Amino acid sequence: MRVLAPSLLRAALLAILIAFLVSPGWFEPLLKPLVQDNAPAIYNQGSLLTLTLLHLRIVAIATMGAVIVAVTLAILVTRSFGAEFLPLSRSLVNVGQTFPPVAVLALAVPALGFGEKPTLVALFLYGLLPIFENTLTGLTTLSPSVMEAARGAGMTDRQRLFKVELPLAMPVILAGIRLSVVISLATATIGSTVAAKTLGEVIIAGLQSNNIAFVLQGGLIVGALAVLIYDGLSAIERAMARRVGMGRQTN
Amino acid sequence: MIEIDGITKRYDGTAVVDNVTMTIAPRTVTVIVGTSGSGKTTLLRMINRLVEPSAGAIRLDGEDNRVMPGFELRRRIGYAIQGHGLFPHRTVAQNIATVPALLGWNKARIDAKVAELLALFQLDPAIFAARFPHELSGGQQQRVGVARALAAEPKVLLMDEPFGALDPIIRAKAQADLLDIQKLLKTTIVLVTHDMDEAFHLADKIAVMDKGELVQYGTPAELVTNPATEFVQTLIGASERPFRLLSIETAGQAVEPGTAEGQPVAAETSQRDVLSELLWTGRGALPVAAADGTLLGKVTLEGLARRAAKPQ
(Lines give C-alpha, C1' and ligand atoms only; values in the text may rest on other atoms or scores of the structure.)
Protein backbone atom coordinates (compact mmCIF):
# COMPACT_ATOMS: atom_id res chain seq x y z
CA MET A 1 0.00 0.00 0.00
CA ARG A 2 2.77 2.38 0.97
CA VAL A 3 4.53 1.71 -2.35
CA LEU A 4 1.35 1.88 -4.36
CA ALA A 5 -0.04 5.16 -3.02
CA PRO A 6 2.52 7.51 -4.62
CA SER A 7 2.17 5.82 -8.02
CA LEU A 8 -1.63 6.11 -7.79
CA LEU A 9 -1.30 9.80 -6.91
CA ARG A 10 0.96 10.37 -9.90
CA ALA A 11 -1.35 8.48 -12.26
CA ALA A 12 -4.27 10.60 -10.97
CA LEU A 13 -2.28 13.81 -11.45
CA LEU A 14 -1.41 12.79 -15.00
CA ALA A 15 -5.04 11.95 -15.77
CA ILE A 16 -6.29 15.28 -14.41
CA LEU A 17 -3.60 17.18 -16.34
CA ILE A 18 -4.50 15.47 -19.62
CA ALA A 19 -8.23 15.98 -19.03
CA PHE A 20 -7.66 19.66 -18.28
CA LEU A 21 -5.55 20.19 -21.40
CA VAL A 22 -7.90 18.30 -23.72
CA SER A 23 -11.17 19.59 -22.36
CA PRO A 24 -10.67 22.61 -20.08
CA GLY A 25 -14.40 23.31 -20.22
CA TRP A 26 -15.10 20.50 -17.75
CA PHE A 27 -13.22 22.41 -15.07
CA GLU A 28 -14.97 25.74 -15.58
CA PRO A 29 -17.30 25.36 -12.57
CA LEU A 30 -14.27 24.90 -10.32
CA LEU A 31 -12.56 28.08 -11.50
CA LYS A 32 -15.68 30.20 -11.94
CA PRO A 33 -15.83 31.43 -8.32
CA LEU A 34 -12.35 32.97 -8.73
CA VAL A 35 -13.30 35.44 -11.44
CA GLN A 36 -15.57 38.49 -11.68
CA ASP A 37 -18.97 38.00 -13.22
CA ASN A 38 -18.29 38.54 -16.91
CA ALA A 39 -14.68 37.41 -17.13
CA PRO A 40 -13.82 33.99 -18.66
CA ALA A 41 -12.67 31.32 -16.19
CA ILE A 42 -10.74 29.32 -18.78
CA TYR A 43 -7.98 30.82 -20.89
CA ASN A 44 -9.60 31.82 -24.16
CA GLN A 45 -6.83 33.44 -26.22
CA GLY A 46 -5.39 30.14 -27.51
CA SER A 47 -5.38 26.41 -26.86
CA LEU A 48 -3.88 25.37 -23.54
CA LEU A 49 -2.80 22.08 -25.10
CA THR A 50 -0.85 23.86 -27.88
CA LEU A 51 0.79 26.21 -25.39
CA THR A 52 1.79 23.25 -23.20
CA LEU A 53 3.33 21.43 -26.14
CA LEU A 54 5.21 24.56 -27.23
CA HIS A 55 6.36 25.07 -23.65
CA LEU A 56 7.68 21.49 -23.52
CA ARG A 57 9.32 21.92 -26.91
CA ILE A 58 11.29 24.99 -25.82
CA VAL A 59 12.43 23.19 -22.66
CA ALA A 60 13.35 20.06 -24.63
CA ILE A 61 15.40 21.93 -27.22
CA ALA A 62 17.19 24.08 -24.64
CA THR A 63 17.93 21.06 -22.42
CA MET A 64 19.22 18.99 -25.32
CA GLY A 65 21.57 21.79 -26.28
CA ALA A 66 22.70 22.15 -22.68
CA VAL A 67 23.27 18.38 -22.36
CA ILE A 68 25.39 18.22 -25.49
CA VAL A 69 27.53 21.22 -24.54
CA ALA A 70 27.83 20.50 -20.80
CA VAL A 71 28.59 16.78 -21.15
CA THR A 72 31.11 17.36 -23.93
CA LEU A 73 32.78 20.09 -21.92
CA ALA A 74 32.92 17.90 -18.81
CA ILE A 75 34.41 15.02 -20.79
CA LEU A 76 37.07 17.28 -22.33
CA VAL A 77 38.19 18.81 -19.04
CA THR A 78 38.45 15.40 -17.36
CA ARG A 79 40.86 14.08 -20.04
CA SER A 80 44.55 14.54 -19.34
CA PHE A 81 44.95 17.05 -22.18
CA GLY A 82 42.02 19.22 -21.01
CA ALA A 83 42.70 19.30 -17.28
CA GLU A 84 44.10 22.82 -17.36
CA PHE A 85 40.81 24.15 -18.74
CA LEU A 86 38.85 22.80 -15.80
CA PRO A 87 38.88 26.02 -13.69
CA LEU A 88 38.10 28.19 -16.73
CA SER A 89 35.17 26.07 -17.88
CA ARG A 90 33.87 25.91 -14.31
CA SER A 91 33.74 29.69 -14.02
CA LEU A 92 32.20 30.09 -17.48
CA VAL A 93 29.39 27.72 -16.63
CA ASN A 94 28.94 29.36 -13.24
CA VAL A 95 28.48 32.74 -14.91
CA GLY A 96 25.74 31.18 -17.04
CA GLN A 97 23.97 30.16 -13.87
CA THR A 98 24.35 33.41 -11.91
CA PHE A 99 23.23 35.64 -14.77
CA PRO A 100 19.47 36.18 -14.21
CA PRO A 101 17.38 34.74 -17.08
CA VAL A 102 15.46 38.01 -17.32
CA ALA A 103 18.71 39.85 -17.98
CA VAL A 104 19.66 37.30 -20.63
CA LEU A 105 16.29 37.91 -22.30
CA ALA A 106 16.76 41.66 -22.20
CA LEU A 107 20.21 41.37 -23.73
CA ALA A 108 19.23 38.75 -26.31
CA VAL A 109 16.17 40.49 -27.70
CA PRO A 110 18.06 43.26 -29.53
CA ALA A 111 20.31 40.63 -31.12
CA LEU A 112 17.81 37.87 -31.83
CA GLY A 113 14.47 39.67 -31.94
CA PHE A 114 11.30 38.76 -30.04
CA GLY A 115 9.99 35.21 -29.81
CA GLU A 116 11.47 31.80 -29.03
CA LYS A 117 15.14 32.46 -29.69
CA PRO A 118 16.04 34.67 -26.71
CA THR A 119 14.13 32.28 -24.45
CA LEU A 120 16.08 29.32 -25.80
CA VAL A 121 19.36 31.14 -25.14
CA ALA A 122 18.37 31.98 -21.57
CA LEU A 123 17.19 28.44 -20.80
CA PHE A 124 20.27 26.92 -22.43
CA LEU A 125 22.66 29.05 -20.36
CA TYR A 126 20.68 28.45 -17.21
CA GLY A 127 20.60 24.68 -17.71
CA LEU A 128 24.33 24.19 -18.26
CA LEU A 129 25.58 24.29 -14.67
CA PRO A 130 23.73 21.38 -13.06
CA ILE A 131 24.52 19.08 -15.97
CA PHE A 132 28.16 20.13 -16.14
CA GLU A 133 28.74 19.83 -12.39
CA ASN A 134 27.06 16.44 -12.16
CA THR A 135 28.93 15.05 -15.16
CA LEU A 136 32.19 16.22 -13.59
CA THR A 137 31.26 14.56 -10.30
CA GLY A 138 30.26 11.36 -12.08
CA LEU A 139 33.46 11.17 -14.09
CA THR A 140 35.86 12.07 -11.28
CA THR A 141 34.51 9.83 -8.53
CA LEU A 142 34.79 6.51 -10.37
CA SER A 143 36.36 3.67 -8.41
CA PRO A 144 40.15 3.75 -8.95
CA SER A 145 40.38 -0.04 -9.06
CA VAL A 146 37.75 -0.22 -11.82
CA MET A 147 39.65 2.40 -13.84
CA GLU A 148 42.92 0.55 -13.23
CA ALA A 149 41.32 -2.71 -14.39
CA ALA A 150 40.01 -1.01 -17.54
CA ARG A 151 43.50 0.23 -18.40
CA GLY A 152 45.08 -3.08 -17.46
CA ALA A 153 42.68 -4.96 -19.74
CA GLY A 154 44.01 -2.97 -22.69
CA MET A 155 41.16 -0.54 -23.35
CA THR A 156 42.08 2.56 -25.29
CA ASP A 157 41.19 5.99 -23.88
CA ARG A 158 38.07 6.11 -26.03
CA GLN A 159 36.96 2.59 -25.08
CA ARG A 160 37.41 3.44 -21.40
CA LEU A 161 35.25 6.55 -21.81
CA PHE A 162 32.37 4.91 -23.66
CA LYS A 163 32.43 1.41 -22.15
CA VAL A 164 33.25 2.21 -18.54
CA GLU A 165 33.29 5.87 -17.50
CA LEU A 166 30.10 7.18 -19.10
CA PRO A 167 27.93 4.13 -18.27
CA LEU A 168 29.05 4.28 -14.63
CA ALA A 169 28.60 8.06 -14.42
CA MET A 170 25.18 7.93 -16.13
CA PRO A 171 22.95 7.98 -13.02
CA VAL A 172 24.74 11.09 -11.71
CA ILE A 173 24.61 12.79 -15.12
CA LEU A 174 20.88 12.03 -15.34
CA ALA A 175 20.34 13.63 -11.94
CA GLY A 176 21.91 16.80 -13.34
CA ILE A 177 19.68 16.71 -16.40
CA ARG A 178 16.63 16.24 -14.20
CA LEU A 179 17.52 19.28 -12.13
CA SER A 180 18.12 21.31 -15.27
CA VAL A 181 14.79 20.28 -16.83
CA VAL A 182 12.80 21.26 -13.75
CA ILE A 183 14.50 24.66 -13.52
CA SER A 184 13.87 25.23 -17.24
CA LEU A 185 10.19 24.26 -17.00
CA ALA A 186 9.62 27.03 -14.48
CA THR A 187 11.94 29.57 -16.07
CA ALA A 188 10.43 29.13 -19.54
CA THR A 189 7.29 30.98 -18.38
CA ILE A 190 9.16 34.30 -18.35
CA GLY A 191 9.91 33.72 -22.05
CA SER A 192 6.41 34.97 -22.71
CA THR A 193 7.50 38.48 -21.68
CA VAL A 194 9.39 38.53 -24.97
CA ALA A 195 6.56 36.90 -26.92
CA ALA A 196 7.69 33.28 -26.82
CA LYS A 197 4.72 30.90 -26.95
CA THR A 198 4.83 29.24 -23.53
CA LEU A 199 2.46 28.72 -20.63
CA GLY A 200 3.79 32.04 -19.31
CA GLU A 201 1.32 33.63 -21.72
CA VAL A 202 -1.60 32.37 -19.62
CA ILE A 203 -0.08 33.71 -16.43
CA ILE A 204 0.76 37.08 -17.95
CA ALA A 205 -2.73 37.41 -19.45
CA GLY A 206 -4.14 36.69 -16.00
CA LEU A 207 -1.96 39.34 -14.39
CA GLN A 208 -2.91 41.95 -17.01
CA SER A 209 -6.66 41.40 -16.73
CA ASN A 210 -6.60 40.71 -12.99
CA ASN A 211 -7.87 37.17 -13.65
CA ILE A 212 -6.75 34.83 -10.84
CA ALA A 213 -8.16 31.79 -12.65
CA PHE A 214 -5.74 32.32 -15.57
CA VAL A 215 -2.72 32.74 -13.26
CA LEU A 216 -3.75 29.66 -11.33
CA GLN A 217 -4.26 27.38 -14.34
CA GLY A 218 -0.97 28.48 -15.98
CA GLY A 219 0.94 27.93 -12.77
CA LEU A 220 -0.71 24.61 -11.98
CA ILE A 221 -0.04 23.14 -15.42
CA VAL A 222 3.67 24.07 -15.16
CA GLY A 223 3.79 22.66 -11.63
CA ALA A 224 2.13 19.39 -12.63
CA LEU A 225 4.49 19.00 -15.60
CA ALA A 226 7.50 19.60 -13.35
CA VAL A 227 6.39 17.04 -10.77
CA LEU A 228 5.60 14.38 -13.37
CA ILE A 229 8.80 14.83 -15.37
CA TYR A 230 10.89 14.94 -12.18
CA ASP A 231 9.37 11.65 -11.03
CA GLY A 232 9.75 10.01 -14.42
CA LEU A 233 13.43 10.91 -14.69
CA SER A 234 14.02 9.84 -11.07
CA ALA A 235 12.60 6.42 -11.88
CA ILE A 236 14.93 6.02 -14.89
CA GLU A 237 17.85 7.10 -12.73
CA ARG A 238 17.05 4.57 -10.01
CA ALA A 239 16.78 1.78 -12.57
CA MET A 240 20.19 2.73 -13.98
CA ALA A 241 21.80 3.04 -10.56
CA ARG A 242 20.53 -0.44 -9.71
CA ARG A 243 22.11 -1.76 -12.88
CA VAL A 244 25.39 -0.08 -12.09
CA GLY A 245 25.15 -1.89 -8.77
CA MET A 246 26.89 -0.98 -5.58
CA GLY A 247 30.22 -0.63 -7.36
CA ARG A 248 30.39 3.02 -6.48
CA GLN A 249 30.21 2.35 -2.76
CA THR A 250 32.09 -0.89 -2.33
CA ASN A 251 35.28 -0.14 -4.21
CA MET B 1 60.50 -15.45 -20.43
CA ILE B 2 60.54 -11.94 -19.03
CA GLU B 3 63.88 -10.12 -19.08
CA ILE B 4 64.00 -7.00 -16.97
CA ASP B 5 67.11 -5.10 -17.94
CA GLY B 6 68.39 -2.16 -15.91
CA ILE B 7 64.88 -0.79 -15.43
CA THR B 8 64.54 2.52 -13.57
CA LYS B 9 61.55 4.72 -12.78
CA ARG B 10 62.03 8.20 -11.40
CA TYR B 11 59.32 10.55 -10.18
CA ASP B 12 60.59 14.12 -9.82
CA GLY B 13 64.19 12.93 -9.68
CA THR B 14 63.57 10.29 -6.99
CA ALA B 15 64.10 6.72 -8.15
CA VAL B 16 61.14 4.56 -7.14
CA VAL B 17 62.61 1.60 -8.97
CA ASP B 18 66.37 1.78 -9.30
CA ASN B 19 68.25 -0.15 -11.97
CA VAL B 20 66.56 -3.52 -11.47
CA THR B 21 67.76 -6.44 -13.56
CA MET B 22 66.20 -9.87 -13.31
CA THR B 23 65.08 -12.71 -15.56
CA ILE B 24 61.82 -14.53 -14.94
CA ALA B 25 61.72 -18.07 -16.29
CA PRO B 26 58.64 -19.12 -18.30
CA ARG B 27 55.89 -21.18 -16.61
CA THR B 28 57.03 -20.26 -13.10
CA VAL B 29 55.56 -18.26 -10.25
CA THR B 30 57.69 -15.30 -9.22
CA VAL B 31 56.68 -13.31 -6.18
CA ILE B 32 57.90 -9.76 -5.63
CA VAL B 33 57.91 -8.85 -1.94
CA GLY B 34 58.80 -5.70 -0.07
CA THR B 35 57.40 -3.11 2.29
CA SER B 36 55.02 -0.43 1.01
CA GLY B 37 56.93 2.14 -0.99
CA SER B 38 59.60 -0.39 -1.96
CA GLY B 39 58.71 -0.01 -5.64
CA LYS B 40 57.35 -3.54 -6.09
CA THR B 41 54.04 -2.47 -7.64
CA THR B 42 55.77 0.07 -9.90
CA LEU B 43 58.11 -2.68 -11.11
CA LEU B 44 55.13 -4.93 -11.89
CA ARG B 45 53.26 -2.14 -13.69
CA MET B 46 56.24 -1.44 -15.93
CA ILE B 47 55.96 -4.98 -17.35
CA ASN B 48 52.60 -4.16 -18.99
CA ARG B 49 53.50 -0.47 -19.33
CA LEU B 50 50.83 0.92 -17.04
CA VAL B 51 53.95 2.81 -15.93
CA GLU B 52 56.51 3.82 -18.53
CA PRO B 53 60.12 3.35 -17.33
CA SER B 54 62.59 6.24 -17.17
CA ALA B 55 65.45 4.00 -18.28
CA GLY B 56 66.13 0.38 -19.15
CA ALA B 57 64.11 -2.17 -21.10
CA ILE B 58 61.79 -5.11 -20.52
CA ARG B 59 61.68 -7.95 -23.04
CA LEU B 60 58.97 -10.58 -23.29
CA ASP B 61 60.25 -13.71 -25.06
CA GLY B 62 63.07 -11.59 -26.45
CA GLU B 63 60.78 -8.86 -27.80
CA ASP B 64 60.96 -5.35 -26.34
CA ASN B 65 57.61 -4.48 -24.74
CA ARG B 66 57.63 -1.10 -26.47
CA VAL B 67 57.35 -2.41 -30.04
CA MET B 68 53.55 -2.19 -29.89
CA PRO B 69 51.14 0.38 -28.41
CA GLY B 70 50.56 -0.01 -24.67
CA PHE B 71 46.92 -1.03 -24.99
CA GLU B 72 47.80 -3.87 -27.40
CA LEU B 73 50.53 -5.10 -25.08
CA ARG B 74 48.10 -5.09 -22.16
CA ARG B 75 45.57 -7.21 -24.08
CA ARG B 76 48.26 -9.90 -24.31
CA ILE B 77 49.15 -9.83 -20.60
CA GLY B 78 46.74 -10.84 -17.87
CA TYR B 79 46.31 -8.35 -15.04
CA ALA B 80 44.56 -8.99 -11.73
CA ILE B 81 44.47 -6.46 -8.92
CA GLN B 82 43.52 -6.11 -5.28
CA GLY B 83 39.81 -5.43 -4.86
CA HIS B 84 39.28 -7.20 -8.24
CA GLY B 85 38.18 -4.02 -10.12
CA LEU B 86 35.24 -5.76 -11.79
CA PHE B 87 33.05 -3.54 -13.96
CA PRO B 88 29.93 -3.06 -11.81
CA HIS B 89 27.64 -2.41 -14.79
CA ARG B 90 28.55 -5.65 -16.56
CA THR B 91 27.59 -9.22 -15.77
CA VAL B 92 30.13 -11.82 -14.70
CA ALA B 93 30.18 -13.24 -18.24
CA GLN B 94 30.65 -9.78 -19.79
CA ASN B 95 33.43 -9.02 -17.31
CA ILE B 96 35.29 -12.19 -18.17
CA ALA B 97 34.78 -11.52 -21.89
CA THR B 98 36.40 -8.05 -21.65
CA VAL B 99 39.73 -8.76 -23.32
CA PRO B 100 38.46 -11.34 -25.86
CA ALA B 101 35.83 -8.78 -26.93
CA LEU B 102 38.53 -6.11 -27.32
CA LEU B 103 40.52 -8.58 -29.43
CA GLY B 104 37.46 -9.17 -31.64
CA TRP B 105 36.91 -12.87 -30.94
CA ASN B 106 33.64 -14.19 -32.38
CA LYS B 107 30.73 -14.80 -30.04
CA ALA B 108 30.92 -18.61 -30.05
CA ARG B 109 34.58 -18.56 -29.08
CA ILE B 110 33.97 -15.99 -26.33
CA ASP B 111 31.02 -17.95 -24.92
CA ALA B 112 33.03 -21.17 -24.89
CA LYS B 113 35.93 -19.45 -23.13
CA VAL B 114 33.68 -17.84 -20.51
CA ALA B 115 32.00 -21.19 -19.76
CA GLU B 116 35.38 -22.93 -19.55
CA LEU B 117 36.81 -20.34 -17.12
CA LEU B 118 33.70 -20.27 -14.92
CA ALA B 119 33.91 -24.06 -14.61
CA LEU B 120 37.66 -23.86 -13.91
CA PHE B 121 37.03 -21.40 -11.08
CA GLN B 122 34.19 -23.54 -9.66
CA LEU B 123 31.45 -21.08 -10.55
CA ASP B 124 28.40 -22.72 -12.14
CA PRO B 125 27.79 -20.83 -15.42
CA ALA B 126 24.01 -21.36 -15.12
CA ILE B 127 24.02 -19.47 -11.82
CA PHE B 128 26.83 -16.96 -12.14
CA ALA B 129 27.18 -15.94 -15.81
CA ALA B 130 24.28 -13.48 -15.72
CA ARG B 131 24.93 -12.08 -12.23
CA PHE B 132 26.34 -8.66 -11.53
CA PRO B 133 29.52 -8.29 -9.45
CA HIS B 134 27.73 -6.79 -6.45
CA GLU B 135 25.66 -9.97 -6.20
CA LEU B 136 28.79 -12.08 -5.52
CA SER B 137 30.74 -12.77 -2.33
CA GLY B 138 34.28 -11.39 -1.94
CA GLY B 139 35.86 -14.72 -2.81
CA GLN B 140 33.69 -15.13 -5.91
CA GLN B 141 34.48 -11.59 -7.06
CA GLN B 142 38.19 -12.32 -6.69
CA ARG B 143 37.87 -15.52 -8.75
CA VAL B 144 36.00 -13.68 -11.50
CA GLY B 145 38.77 -11.04 -11.44
CA VAL B 146 41.42 -13.71 -12.06
CA ALA B 147 39.23 -15.46 -14.66
CA ARG B 148 38.91 -12.14 -16.51
CA ALA B 149 42.69 -11.74 -16.46
CA LEU B 150 43.13 -15.21 -17.97
CA ALA B 151 40.35 -14.97 -20.58
CA ALA B 152 42.52 -14.19 -23.60
CA GLU B 153 44.92 -17.02 -22.75
CA PRO B 154 47.86 -14.76 -21.90
CA LYS B 155 51.30 -16.32 -21.47
CA VAL B 156 51.99 -13.91 -18.62
CA LEU B 157 49.72 -13.05 -15.70
CA LEU B 158 50.55 -10.07 -13.48
CA MET B 159 48.89 -9.95 -10.07
CA ASP B 160 49.02 -7.01 -7.68
CA GLU B 161 48.09 -8.12 -4.14
CA PRO B 162 45.30 -10.24 -5.66
CA PHE B 163 44.29 -11.84 -2.36
CA GLY B 164 44.77 -8.78 -0.16
CA ALA B 165 41.07 -8.11 0.36
CA LEU B 166 40.14 -11.70 1.26
CA ASP B 167 39.69 -13.16 4.72
CA PRO B 168 42.32 -15.77 5.76
CA ILE B 169 40.24 -18.88 5.05
CA ILE B 170 39.18 -17.81 1.56
CA ARG B 171 42.71 -16.55 0.90
CA ALA B 172 44.27 -19.98 1.55
CA LYS B 173 41.78 -21.58 -0.82
CA ALA B 174 42.38 -18.92 -3.47
CA GLN B 175 46.15 -19.47 -3.24
CA ALA B 176 45.77 -23.24 -3.62
CA ASP B 177 43.43 -22.75 -6.60
CA LEU B 178 45.90 -20.37 -8.23
CA LEU B 179 48.69 -22.97 -7.99
CA ASP B 180 46.43 -25.64 -9.51
CA ILE B 181 45.43 -23.36 -12.36
CA GLN B 182 49.04 -22.34 -12.94
CA LYS B 183 50.05 -26.00 -13.23
CA LEU B 184 47.18 -26.60 -15.66
CA LEU B 185 47.60 -23.55 -17.91
CA LYS B 186 51.40 -23.18 -17.54
CA THR B 187 51.03 -19.41 -17.26
CA THR B 188 54.04 -17.37 -16.14
CA ILE B 189 52.84 -15.56 -13.03
CA VAL B 190 54.41 -12.48 -11.48
CA LEU B 191 52.71 -11.63 -8.21
CA VAL B 192 53.27 -8.72 -5.84
CA THR B 193 52.53 -9.13 -2.14
CA HIS B 194 53.68 -7.92 1.26
CA ASP B 195 52.60 -11.19 2.89
CA MET B 196 55.66 -13.44 3.37
CA ASP B 197 53.58 -16.53 4.10
CA GLU B 198 51.86 -16.03 0.76
CA ALA B 199 55.22 -15.55 -0.96
CA PHE B 200 56.66 -18.78 0.46
CA HIS B 201 53.49 -20.69 -0.33
CA LEU B 202 53.31 -19.64 -3.97
CA ALA B 203 56.78 -18.78 -5.21
CA ASP B 204 59.24 -20.69 -7.33
CA LYS B 205 61.44 -17.64 -6.95
CA ILE B 206 61.16 -14.59 -4.72
CA ALA B 207 62.40 -11.09 -5.53
CA VAL B 208 62.90 -8.85 -2.52
CA MET B 209 62.61 -5.11 -3.14
CA ASP B 210 63.82 -2.47 -0.69
CA LYS B 211 63.75 1.29 -1.35
CA GLY B 212 63.53 0.75 -5.09
CA GLU B 213 66.39 -1.74 -5.29
CA LEU B 214 66.27 -5.46 -5.90
CA VAL B 215 68.19 -6.73 -2.87
CA GLN B 216 67.81 -10.46 -3.45
CA TYR B 217 66.35 -12.70 -6.12
CA GLY B 218 66.39 -16.42 -5.50
CA THR B 219 64.48 -19.52 -4.49
CA PRO B 220 62.63 -19.44 -1.16
CA ALA B 221 65.22 -21.83 0.32
CA GLU B 222 68.10 -19.54 -0.72
CA LEU B 223 66.41 -16.60 0.96
CA VAL B 224 66.08 -18.50 4.23
CA THR B 225 69.51 -20.08 4.29
CA ASN B 226 71.48 -17.27 2.78
CA PRO B 227 69.76 -13.87 3.15
CA ALA B 228 71.63 -11.20 1.22
CA THR B 229 70.98 -8.35 3.64
CA GLU B 230 69.72 -7.56 7.10
CA PHE B 231 66.48 -6.44 5.48
CA VAL B 232 65.81 -9.84 3.89
CA GLN B 233 66.58 -11.47 7.24
CA THR B 234 64.06 -9.22 9.00
CA LEU B 235 61.44 -9.74 6.32
CA ILE B 236 61.68 -13.52 6.66
CA GLY B 237 61.74 -13.31 10.45
CA ALA B 238 64.60 -14.99 12.32
CA SER B 239 62.28 -17.12 14.46
CA GLU B 240 60.35 -18.26 11.39
CA ARG B 241 63.35 -19.68 9.50
CA PRO B 242 62.93 -23.42 10.19
CA PHE B 243 59.21 -23.24 9.51
CA ARG B 244 59.74 -21.30 6.30
CA LEU B 245 62.09 -24.03 5.10
CA LEU B 246 59.50 -26.67 5.87
CA SER B 247 56.72 -24.73 4.18
CA ILE B 248 58.56 -24.83 0.83
CA GLU B 249 58.55 -28.61 0.31
CA THR B 250 55.82 -31.23 0.54
CA ALA B 251 55.39 -34.35 2.61
CA GLY B 252 56.07 -36.40 -0.51
CA GLN B 253 59.60 -35.01 -0.63
CA ALA B 254 60.32 -36.07 2.96
CA VAL B 255 59.08 -39.65 2.73
CA GLU B 256 61.15 -42.31 4.45
CA PRO B 257 60.62 -46.03 3.92
CA GLY B 258 58.52 -47.82 6.49
CA THR B 259 55.07 -47.60 7.97
CA ALA B 260 53.53 -45.68 10.83
CA GLU B 261 50.34 -45.63 12.84
CA GLY B 262 47.64 -43.04 12.29
CA GLN B 263 45.64 -41.22 9.64
CA PRO B 264 47.78 -40.88 6.46
CA VAL B 265 48.65 -37.34 5.31
CA ALA B 266 48.41 -36.41 1.62
CA ALA B 267 51.71 -36.28 -0.27
CA GLU B 268 51.14 -32.70 -1.39
CA THR B 269 50.65 -31.37 2.17
CA SER B 270 53.43 -28.96 3.10
CA GLN B 271 56.02 -30.31 5.53
CA ARG B 272 55.15 -27.49 7.87
CA ASP B 273 51.56 -28.70 8.11
CA VAL B 274 52.76 -32.28 8.66
CA LEU B 275 55.01 -31.09 11.50
CA SER B 276 52.06 -29.32 13.01
CA GLU B 277 49.99 -32.50 12.74
CA LEU B 278 52.77 -34.60 14.34
CA LEU B 279 53.15 -32.18 17.24
CA TRP B 280 49.42 -31.93 17.81
CA THR B 281 48.76 -35.68 17.72
CA GLY B 282 51.85 -36.39 19.82
CA ARG B 283 53.15 -38.98 17.35
CA GLY B 284 56.72 -39.49 16.16
CA ALA B 285 55.71 -40.47 12.63
CA LEU B 286 52.73 -40.48 10.25
CA PRO B 287 52.08 -42.46 7.06
CA VAL B 288 52.05 -40.59 3.73
CA ALA B 289 49.54 -41.44 1.01
CA ALA B 290 49.54 -40.51 -2.68
CA ALA B 291 46.49 -38.92 -4.26
CA ASP B 292 45.16 -42.36 -5.26
CA GLY B 293 45.41 -43.63 -1.69
CA THR B 294 48.50 -45.86 -1.99
CA LEU B 295 50.87 -45.57 0.96
CA LEU B 296 54.24 -44.11 0.03
CA GLY B 297 55.98 -44.47 3.40
CA LYS B 298 56.21 -42.34 6.51
CA VAL B 299 57.26 -38.90 7.65
CA THR B 300 59.06 -38.72 10.98
CA LEU B 301 59.59 -35.98 13.48
CA GLU B 302 63.36 -36.55 13.35
CA GLY B 303 63.35 -36.37 9.55
CA LEU B 304 61.51 -33.06 9.58
CA ALA B 305 63.75 -31.71 12.33
CA ARG B 306 66.80 -32.48 10.15
CA ARG B 307 65.23 -30.69 7.22
CA ALA B 308 64.30 -27.66 9.30
CA ALA B 309 67.84 -27.23 10.61
CA LYS B 310 70.26 -24.67 9.18
CA PRO B 311 72.12 -26.38 6.27
CA GLN B 312 75.76 -27.11 7.22
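Naming: A, B, ... by sequence-line order, numbering from 1 per chain. Bear in mind that the values here come from a model prediction, so they are computed numbers and not experimental data. All values below come from the heavy atoms of this structure, side chains included, with hydrogens, waters and symmetry mates left out.
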Under 4.5 Å heavy-atom distance to chain A, tell me which part of L50(B) shows up: side chain, backbone, both or neither.
-> both
So what's closer than 4.5 Å to chain A heavy atoms on R45(B): side chain, backbone, both or neither?
-> side chain
So which atom in [X] and which in [Y] form the shortest heavy-atom distance, rounded to 0.1 Å?
| X | Y | result |
| --- | --- | --- |
| V146(A) | P88(B) | CG2-CD, 4.0 Å |
| A153(A) | T98(B) | CB-CG2, 4.0 Å |
| G83(B) | S145(A) | O-OG, 3.9 Å |

Nearest 0.5 Å please: distance from the OG1 atom of T156(A) over to the CZ atom of R75(B).
-> 6.5 Å
Ignoring hydrogens and angles, tell me if any N or O in the side chain of H89(B) forms a donor-acceptor pair with the backbone of K163(A) under 3.5 Å.
-> yes
Considering only heavy atoms from C-beta outward, does the side chain of Y79(B) approach that of E148(A) to under 4.5 Å?
-> yes
So which of R49(B), E135(B), R90(B) has the biggest tally of heavy-atom pairs under 4.5 Å with chain A?
-> R90(B)
Got more than 12 heavy atoms from elsewhere within 6.0 Å of [atom1], [X]?
| X | atom1 | value |
| --- | --- | --- |
| R27(B) | CZ | no |
| K197(A) | NZ | no |
| Y230(A) | OH | no |
| R76(B) | CZ | no |
| I169(B) | CD1 | no |

